[in-house]
Each structure stands twice: as structure tokens, then as C-alpha cells.
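First comes the structure, then the notes that go with it.
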Amino acid sequence: MDIPKNYNPKESEPKWLEFWEKEKIYAFDPESKAEVYSVDTPPPTVSGNMHIGHSFSYSQQDFIVRFQRMSGKNIFYPFGVDDNGLATERMIEKMKNVKGQFMPRQEFVKLCYTTVEKIRNDFVQDWKKLGVSADFNIFYSTINKHSQKISQRSFIELYKSGRQYRKEGPTIWCPECRTAIAQVEMKDEEKATSLVHIEAKTEKGEPLVFATTRPELYPSCVGISVNPNDGRYKKYVGQKIIMPLTNAGIELTTDEMIDPEFGTGVVYFCSSGDAQFLDWETRHPVKNKIYILNFDGTMNEKAGVYKGLTIAETRRRIVEDLSRLGAVKKTEQLKHSVNVHERCGTVVEYMVSKQWYIKYLDLKEEFIKYGRKIKWYPEHMRIRYENWINGLKWDWNISRQRHFGIPIPVWYCKKCNAIIAADENQLPVDPLVDKPSKKCKCGSGDFIGEKDVLDTWATSSLTPDIAVALFDKKTQKKLFPMNLRPQAHDIITFWLFNTVAKSYLHHKEVPWHNVMISGFVLDPYGKKMSKSKGNVIDPREIIEKYSADSLRFWAAGSRLGDDMPFQEKDLVTGSKFITKIWNASKFASIHLKDYDLRNPGKLHLMERWILSKLSKVVKESTENFMNYEYSHTKLAAETFFWHTFCDNYLEIIKDRLYNAERRGEDARLSAQYGLYQTLLAITKLMAPIMPFITEELYQLYFKSHENSKSVHLEKWPDINLIDEHAEHIGDFVVQVVEFVRRQKTAKQLSLKAPVKKLTIKAKIEETDFDEVEAEIRAATSAESIVFEPTRGKAPEKDVEIEVEF
RNA sequence: GGGCCCAUGGUCUAGUGGCUAGGAUACGACCUUCACAGGGUUGGGGUGCCGGUUCAAUUCCGGCUGGGCCCACCA
């Protein structure tokens with residue numbers, strides 16, 4: 001079949017997407033005997049559209065998967081979406097102009113469900129258009145019934161094994177929005193504040209001044225500390241410090257965290273709303289904590305006369321009252337960064353309430369051990385994982401006071417307060433609607449359902465289980481542990497770590513054998529892209545303008561794990577590559593019209609040369625793909641194709657292809673063989689990176705000779721025809737041709753301008769030269785060639801060339 | 001403040017203890033009917049700064065500067 005003049009990705013890409021889907025090219029086959037390669041695909045958050053960072057990292061993982069598929073593996077590549085998180089909740093609130101907290105939970109959840117259901121398909125479309133070769137029929141959503149069941153079962157299992165417990169703990173709270181928020185919802189903000197120096201007295205009546213930026217928390221003060229090495233205060237340590245206004249007596253303790261340089265070197269700790277306190281408390285347990293804040297940010301009765309006041313009012317009043325007593329010694333203005341709720345800008349408070357935790361601090365060493373059982377690509381990313389584990393201070397809080405999430409599957413007995421977990425066979429449950437399957441041990445049938453939901457990470461850390469559980473037990477064994485977890489480096493500490501933790505707790509097994517960590521896309525100046533900076537790039541526009549293949553080609557240009565600044569002009573390279581391989585294939589198809597895959601008995605030296613070079617490129621490409629170094633494969637294949645194959649090989653064999661009557665049919669057949677084999681191999685090498693153009697070329701030409709339905713089901717090239725001697729002679733030919741080109745360019749002559757006499761001295765035997773003389777003559781348009789072997793004469797250069805025009 | 005990573009022509013990158021540091025893009029010159037003007041050939045242009053190890057450093061080590069991600073953040 002003829003190859004048309006031009007290639008149009010706008011027509012071609014949708015055509016092949018449809019073809020792949022219809023022909024189920026990427027379908028997982030549970031019955032296949034082939035080795036399984038399973039991938040724990042990251043489920044993107046349903047909160048808008050695919051961004052450029054997604055297109056970068058999903059392309060990179062897809063290169064690897066496509067390579068593994070062509071290597072004969074039975075690919076398990078599911079696709080999920082994450083739609084139970086805060087991001088989704090916020091998106092729905094914005095889309096529908098509602099506030100979840102002011103709606104009945106059932107109603108809000110229903111709204112989320114139906115909305116997400118509607119947009120999910122469009123959302124996933126972006127990933128298909130990128131050419132991600134997932135089996136989109138193996139699909140899950142982290143809020144669907146299936147995931148709810150898995151997630152709730154995980155909860156119950158951990159509860160029964162004693163790993164899951166409930167206790168009072170701090171929550172990050174926004175007093176303005178009156179809701180618990182997650183760490184990711186906070187941002188830093190520089191705020192001007194005043195540091196108030198307050199004078200207390202020691203037991204013996206000596207003054208002791210401490211400084212605070214949070215005087216409003218004064219009534220909840222439960223501790224006061226200095227640095228153990230601070231000589232100024234050593235003599236007071238252990239004494240009761242008498243606080244002005246409240247007359248509370250608080251023991252002066254020491255703590256390493258105190259910076260003697262800051263303020264006065266004396267710090268007070270308040271059990272309400274203060275993040276510092278939480279850290280301090282781990283070393284100084286406090287029996288009688290005082291909570292003075294209501295969830296709406298006002299003071300409660302524990303604050304005494306300040307009851308009912310807001311934080312700001314309390315602050316002003318307390319400073320006034322202390323001043324009246326003469327206890328305020330100084331007020332310094334300073335700037336510091338505080339955590340605020342990113343949506344409303346309110347400074348967050350740490351409130352104490354009942355929360356569910358997974359106990360895992362005792363497993364740090366195990367987690368590190370498991371991390372070392374996994375192969376990391378790139379290797380150094382493991383260090384981030386270990387740093388995170390070593391720094392863990394709290395158990396894993398998995399409860400959230402939110403609306404749209406997977407319900408925590410427990411009830412509390414109204415009579416005896418016992419916790420009743422749901423039965424596994426009644427999952428999924430909503431304790432606010434459903435009832436336990438049996439009565440409480442105390443005999444009561446009256447329950448209160450847990451209203452909190454699970455944090456999104458509690459579920460997304462189960463993606464291997466969720467995906468694998470879509471199949472029967474026998475198949476599951478082949479799928480788990482999975483082969484690969486691909487993801488970006490920003491969530492090593494969340495998603496990756498949490499998944500290892502859950503896998504340890506449930507299976508005593510690593511969730512996957514390999515992880516590949518992608519980098520970030522930065523803006524053209526190397527800065528982070530963010531919506532607020534307005535420097536984001538929409539990958540859909542890039543695909544529209546340049547094609548998905550070009551975008552993927554660009555994504556293949558960065559080494560795994562490296563961040564890459566985005567510059568639109570870099571997309572041009574991919575488009576040019578497409579044009580080049582299109583035209584080269586067009587050329588080949590013209591000259592291969594009468595070719596029927598015959599293997600010529602004897603190969604011409606230039607064919608032995610190109611096939612030897614090709615063998616090395618294939619070997620290099622294969623090794624690099626096996627090590628997740630797709631960028632090296634791309635570079636090797638690209639350079640080989642453009643320079644070795646197009647610039648030199650094609651130019652050199654033209655004479656034999658066009659002039660069979662003069663050069664002989666055998667010479668032509670040899671060239672056809674080299675042309676076919678090499679171009680087919682290049683097409684296959686590039687198929688994982690540019691799935692569309694390679695499919696187009698395969699379908700247009702190669703398919704009639706090969707027997708796969710798609711290039712993506714073809715066998716990965718395996719060619720081993722290394723011939724060092726042929727390479728040496730072939731390289732010599734190229735060297736001569738390039739030298740003559742340079743001479744012509746220097747004289748501003750056409751490359752086809754005839755050369756009167758070409759004189760070559762080289763360390764090459766005459767017999768070898770005879771084999772390639774005709775090639776040199778044709779490629780240089782030389783009228784006469786004088787060749788002289790230099791042999792043992794040891795000239796300065798291996799090759800000396802003279803050109804006479 | 002801590003951890004990890006990165007630093008190569010204007011821009012994006014490859015690579016190496018020693019050949020003339022490779023490619024892409026941008027730019028200049030020339031070529032062009034035989035696959036390709038979204039082309040070909042060719043040219044100029046580069047190892048962030050300071051120190052150390054070494055016969056020799058772009059490569060190894062230390063520091064600095066700049067950038068990225070994560071963590072902790074000042075009572």
C-alpha cells in the first residue's frame with residue numbers, strides 16, 4: 001500500500017484510539033499463560049482536567065508498560081480515578097455553588113456522586129488521548145462500592161487486630177469554616193504579629209519573663225520551659241512559676257526544642273490550639289489539659305471571664321488585663337509565617353477531638369526494611385522515603401470530619417458506649433443509614449453511627465488491593481505483589497509510604513517490586529507551575545497543536561526523576577521526528593514495492609554495517625528500557641534513525657535501489673533487505689514512545705508482511721548481527737562521504753556536483769575497498785577514485801582524502 | 001532551619017578521570033526537481049563560582065550560589 005504524502009495526527013490519532021479500543025489491544029487476559037506485568041496505576045484526582053505534569057509522568061510510565069507488552073508480557077494496567085478526597089468535594093462545591101457543611105450529608109454525598117459520575121468519562125478521555133495504554137475496562141473509582149468495600153474491610157481488619165484505635169487527638173481546624181482540614185489545605189503566610197513579653201514570678205518571687213505571640217491562649221497554659229543549657233535560668237528549673245492574672249503555679253521544665261536566642265529564652269505552652277504544644281507534649285505529658293476554644297473559634301467557660309469572645313477580642317483583652325497588672329514588659333513587632341486555611345486565609349487552630357488512628361510507630365524499622373526490598377528508579381528516591389519514616393512522630397490519623405468520603409464502618413452502643421464494627425459481609429455500609437447486623441454484647445440494639453469518614457489516603461493506599469480484587473482469587477495470585485508503582489516524587493511520603501504500610505499490615509508483603517518516580521514539569525524559568533501564578537500549561541492545547549506523539553516525545557527527553565522546565569519550542573522536535581520517519585517510510589515503501597521478504601543469500605557490506613549498528617542500538621535500547629531509562633532509549637533510537645540510517649545509509653544505498661540494471665539485482669535485494677529490517681526495527685523501538693505514528697506506519701505498510709494486529713502487539717526487536725569488521729569498513733565509507741560533503745559545502749557547491757578525482761589513503765585492504773568503491777563513487781559523484789592502502793606505513797591519520805573538482 | 005536532587009553553548013539536554021565534550025532548538029552561510037523546505041550540508045557558540053585530591057577534573061571530594069520537591073518552622 002502506498003504511503004500518502006502527508007501525515008495528519010489530527011485525523012490519525014483519534015482513528016487509532018478507536019481502533020485500539022475496539023480491538024482490545026491493551027486488554028489484560030486473565031487466561032493467558034504469559035508472564036504477568038502488573039502496574040499500580042496512579043488514579044488521578046477528579047478535580048478538573050489533566051495538567052501538564054500528568055501528561056509528563058503518565059507518558060513516562062506508559063513507555064515502560066508498552067515496552068513490557070512488546071516484550072511478551074501479559075500486561076495488567078488498570079485505570080482508576082480518585083474522587084473521594086477534599087479536592088473533589090471542593091470542586092463540587094464550586095461547580096454547584098453549595099457548601100457541604102450546610103447540607104445534610106446524604107444529600108451532599110448524592111450530589112457529589114451524580115456530578116462525578118457525569119464528568120468522569122470526559123476526565124478519563126484526556127488520558128486516552130495521550131495514548132496511555134491502560135486497560136480502561138479494568139476501572140475503579142475510589143468512591144465506588146467496590147473501593148468502599150475494600151477500604152472498610154481494611155479498617156475492620158486493622159481494628160480487629162488491634163492496629164486501629166480511637167482516642168482524643170489534635171485536628172487541624174479552621175474556626176472560620178468550622179471544619180477540620182487536612183495538611184494539604186494549609187498554606188504558609190507571612191503575618192505581622194506582636195511578640196508580647198510577660199513577667200511571671202518564681203516561687204521565691206524572682207521575675208521570669210517569657211515571650212509569646214499567642215497571648216489569647218493564656219488561660220490554657222500548662223507548661224513553661226527553657227533550654228537545658230541556658231545558664232540564665234538553670235537555677236529556677238523545677239520551681240513553680242506563678243502566672244499573673246490566673247495565679248496558676250506551673251513547673252519550669254527544660255526542653256531541647258527551646259531556642260535561647262529567641263525572645264527571652266523562656267517559652268510557655270498552651271494546651272489549646274497550639275502546634276508547638278503538640279510536639280512539646282510528647283516529652284512532657286500533661287494530665288489536666290485545658291481546652292478553651294470552641295469549634296467556632298470563640299472561648300468557652302474554661303476561659304473564665306473571656307467566655308464567648310473571639311480569638312482576636314480575647315487577645316486584646318488579655319494583653320490589657322496583663323498590662324494593668326504591670327506584667328507586660330515589652331511588645332515587639334515581628335513577622336513570622338503561620339499556617340492558614342488556603343481557602344479563607346484564617347489562621348488554623350489545633351483542636352482536640354476523638355479521632356481514629358492506625359498504630360504504626362512501632363513498625364518504623366519494618367517499613368524501612370520493606371522499602372529496601374523494593375527496587376527504586378531512580379535509586380536515590382528511597383532516601384526521601386526513609387527520611388520520612390525516621391521523622392514520624394504520630395500514629396496515622398485516618399478519620400476526617402468531612403462529608404463526601406468512605407464512611408468509617410462502626411457504630412457506638414448508646415447504652416454501654418461499646419464500638420461495634422460492621423460485618424464483612426454487609427460492606428459497604430453507611431453507619432448513618434445502616435444498622436449493625438447484631439445487637440451489642442450488652443443487649444442493647446440502640447446505636448449511634450460514626451459520622452466521620454476515612455481520609456482519602458486511607459483508601460488510595462489500597463490501590464493494589466482495589467485493582468487486584470476486581471479479579472478472581474486465582475488471577476489475584478498472579479497480580480500481587482505488583483511489578484510496578486509509577487508516580488511522581490511529591491507524594492513518596494504519602495501515597496507510596498502509606499501503600500507500603502497497608503501492604504505490610506494486611507499482607508506482610510511489599511505491594512510491588514519496582515517503583516519508578518517521575519519528576520515535575522516546571523515553567524520556562526524553572527519555577528513551579530501553579531494556577532495562582534498563572535503559568536500553567538494545558539496539555540490538551542499542546543496535543544491539539546502538536547499531537548500526542550510530540551508531547552510524549554518531549555516527555556521522553558528527561559531522565560527519570562528529573563524535573564524539566566517546559567518550553568513550547570521543545571515540542572517542535574517531536575513533530576519533526578514524525579515528519580522525518582513518515583518520509584523515510586514513504587521512501588522505503590516505494591523501493592520495497594516489489595519486495596517479498598526474501599532473505600538475500602549474501603549481504604552487501606553496507607547491509608552488514610547497518611545491521612551491526614542496529615544490533616547495538618537494539619541492545620542498548622532494551623537494556624535502558626529494562627532499567628526504566630526511557631530517555632536513553634529514545635536518544636539512541638533517535639540518533640541512529642536520523643543520522644546513521646537517514647543521513648548516511650539511505651543516501652548510500654540509493655544507487656543500488658535506483659540502478660539495479662547497472663548494480664545488479666542481488667545488490668538491490670540486499671539493500672531492500674537492509675532497508676526493511678532496519679526501518680521495521682526503528683518503528684518498533686519508537687512504538688512505546690510514539691504509539692500513533694508508529695501504528696499508522698505499521699498498518700500502512702508492515703502489517704501486510706508481519707502478522708500482528710497492531711505494532712503494539714509486535715515482538716520487541718531482537719537482532720544480533722554484530723560484525724565489527726563490516727562496521728569498520730562502513731564507518732570508513734561514511735567518513736569519506738562526509739569529508740566530500742564538507743568540501744562541497746566549503747566551495748558552495750551542490751552536494752551532487754561531480755568530483756573529478758578522489759584520492760583516498762587508508763588503512764583498509766584493497767579487497768575491502770573493492771566492496772564499497774561503487775558506494776563511495778555514487779554517494780560522492782566521483783568520476784575517478786584513486787585508492788592506496790597505507791598498511792604498516794603508519795601515516796598520521798588513519799584516512800587521508802583529497803578532492804579535486 | 002533539615003533532608004534529597006539538579007546545575008553542560010541563548011534555551012532543553014547526552015556523556016566521560018585523559019580522543020576535537022555529543023545531540024536538539026535558535027542563529028549565519030550555502031545547497032535544492034530523484035522520501036523529506038516542518039528538508040540537506042556546514043559554521044559560530046558551552047561544562048555556575050571558589051577550593052581540594054590527581055600527572056590530568058566537566059567528571060571525584062568540600063564549600064558557595066541558584067533552582068526544584070518534601071519536612072519542620074519559632075513560641
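A, B, ... follow the sequence lines: proteins, then strands. Residue 1 opens every chain. Every heavy atom of this structure was used, including side-chain atoms; hydrogens, water molecules and symmetry mates were not.
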Distance between C1' atoms of A7(B) and U47(B) (Å, rounded):
10 Å
What's the gap between C36(B) and C49(B) when it is taken at their P atoms, as a whole Å value?
46 Å
With both distances under 3.5 angstrom, what nucleotide forms a Watson-Crick or G-U wobble pair with U20(B)?
none
For the C1' atoms, the ones on G62(B) and on C70(B), what distance do you get once it is rounded to whole angstrom?
25 Å
Check: protein-nucleotides 38-40 of chain B nitrogen or oxygen pairs below 3.5 Å:
from: G38(B); atom 1: N2; to: Thr579(A); atom 2: OG1; distance (Å): 3.4
from: G38(B); atom 1: N3; to: Thr579(A); atom 2: OG1; distance (Å): 3.3
from: G40(B); atom 1: OP1; to: Lys580(A); atom 2: NZ; distance (Å): 3.2
from: G40(B); atom 1: OP1; to: Trp642(A); atom 2: NE1; distance (Å): 2.9

Taking atom C1' in both G15(B) and G46(B), compute the distance separating them and give it to the nearest angstrom.
14 Å
Any donor-acceptor N/O pair, Ser12(A) side chain to Pro9(A) backbone, under 3.5 Å
no
Who is the Watson-Crick or G-U wobble partner of G44(B), with both distances under 3.5 Å?
none
Both distances under 3.5 Å, Watson-Crick or G-U wobble: report the partner of A57(B), or none.
none
Closest-nucleotide 5' rank along RNA chain B - winner of Thr573(A) and Leu195(A):
Thr573(A)
Backbone N/O of Trp376(A) and side chain of Arg382(A): donor-acceptor pair under 3.5 Å
no
For U25(B), which nucleotide is its Watson-Crick or G-U wobble mate, given both distances must be under 3.5 Å?
G10(B)
In whole Å, what is the span from the CD atom of Glu638(A) to the P atom of C12(B)?
18 Å
With the criterion being N/O to N/O and under 3.5 Å, what pairs connect the protein with nucleotides 4-10 of chain B, and how long is each?
from: G10(B); atom 1: N2; to: Lys569(A); atom 2: NZ; distance (Å): 3.1

Within this structure, what is the CG-to-P distance between Asn624(A) and G15(B), rounded to whole angstrom?
9 Å
I want to confirm an ordering. Mapping Pro565(A) and Ser750(A) to their closest nucleotides on RNA chain B, which one lands closer to the 5' end?
Pro565(A)
Looking only at atom P, what distance separates U33(B) and G28(B), rounded to whole Å?
23 Å
Value in whole Å for how far the C1' atom of C12(B) lies from CE of Met564(A):
7 Å
Does the Ser585(A) side chain pair with the main chain of Ile581(A), one donor and one acceptor, at a distance under 3.5 Å?
yes
Pairing partner (Watson-Crick or G-U wobble, both distances under 3.5 angstrom) of C69(B)
G3(B)
Lys744(A) near the nucleic acid: base, sugar-phosphate alone, or nothing, with a heavy-atom cut-off under 4.0 Å?
nothing
Flag the pair Val736(A) / Leu758(A) as yes when at least one side-chain heavy-atom distance between them is below 4.5 Å, and no otherwise.
yes
Show your working on ring pair (Phe, Tyr, Trp, His ring centres under 6.0 Å) between Phe702(A) and Tyr676(A) and close with a plain yes or no.
CA-CA 9 Å; Phe702(A) 292 108; Tyr676(A) 184 91; 5.4 Å; yes
Provide, to the nearest angstrom, the distance between the CD atom belonging to Glu738(A) and the P atom belonging to G43(B).
11 Å
Between C1' on U41(B) and CG on Leu650(A), what's the gap in Å once rounded to a whole number?
16 Å
Assess the residue pair His632(A) and Asn627(A) against the criterion (side-chain hydrogen bond (donor to acceptor under 3.5 Å, both in side chains)); give the C-alpha distance rounded to whole Å, side-chain angles, the decisive distance to 0.1 Å, and a yes or no.
CA-CA 10 Å; His632(A) 292 160; Asn627(A) 289 320; over 6 Å; no
Whole angstroms only, please: what is the CZ-C1' distance between Phe640(A) and G23(B)?
16 Å
Would you indicate what Gln743(A) reaches in the nucleic acid, counting non-hydrogen atoms under 4.0 angstrom: base, sugar-phosphate, or nothing?
nothing
Minimum-distance nucleotide to Trp388(A) side chain [options: A24(B), A29(B), C71(B)]:
C71(B)
Nearest 0.5 Å, please: how far is OG1 in Thr683(A) from OH in Tyr701(A)?
10.5 Å
Mind checking side-chain contact (heavy atoms from CB on, under 4.5 Å) for Leu195(A) and listing every partner two or more places apart, or none if nothing turns up?
His197(A), Ala211(A), Thr213(A), Phe262(A), Glu332(A), Leu334(A)
Candidates Trp554(A), Phe566(A), Tyr630(A), Phe553(A) - the one meeting ring-ring contact (aromatic ring centres under 6.0 Å, His included) with Phe56(A)
Trp554(A)
Is it true that a side-chain atom of Ser621(A) and a backbone atom of Val617(A) form a donor plus acceptor pair closer than 3.5 Å?
yes
Rounded to whole Å, please give me the gap between NE2 in His591(A) and C1' in C36(B).
13 Å
Length of the CD1-C1' vector between Ile517(A) and G68(B), whole Å
16 Å
Could you tell me how far U16(B) sits from U59(B) if I compare only their P atoms? Round to whole Å.
13 Å
Can Arg485(A) be said to sit on top of Trp495(A)'s aromatic six-ring, NZ or CZ under 6.0 Å from centre and within 45° of the ring axis?
yes
Integer angstrom distance from the C1' of G38(B) to that of G48(B)
35 Å
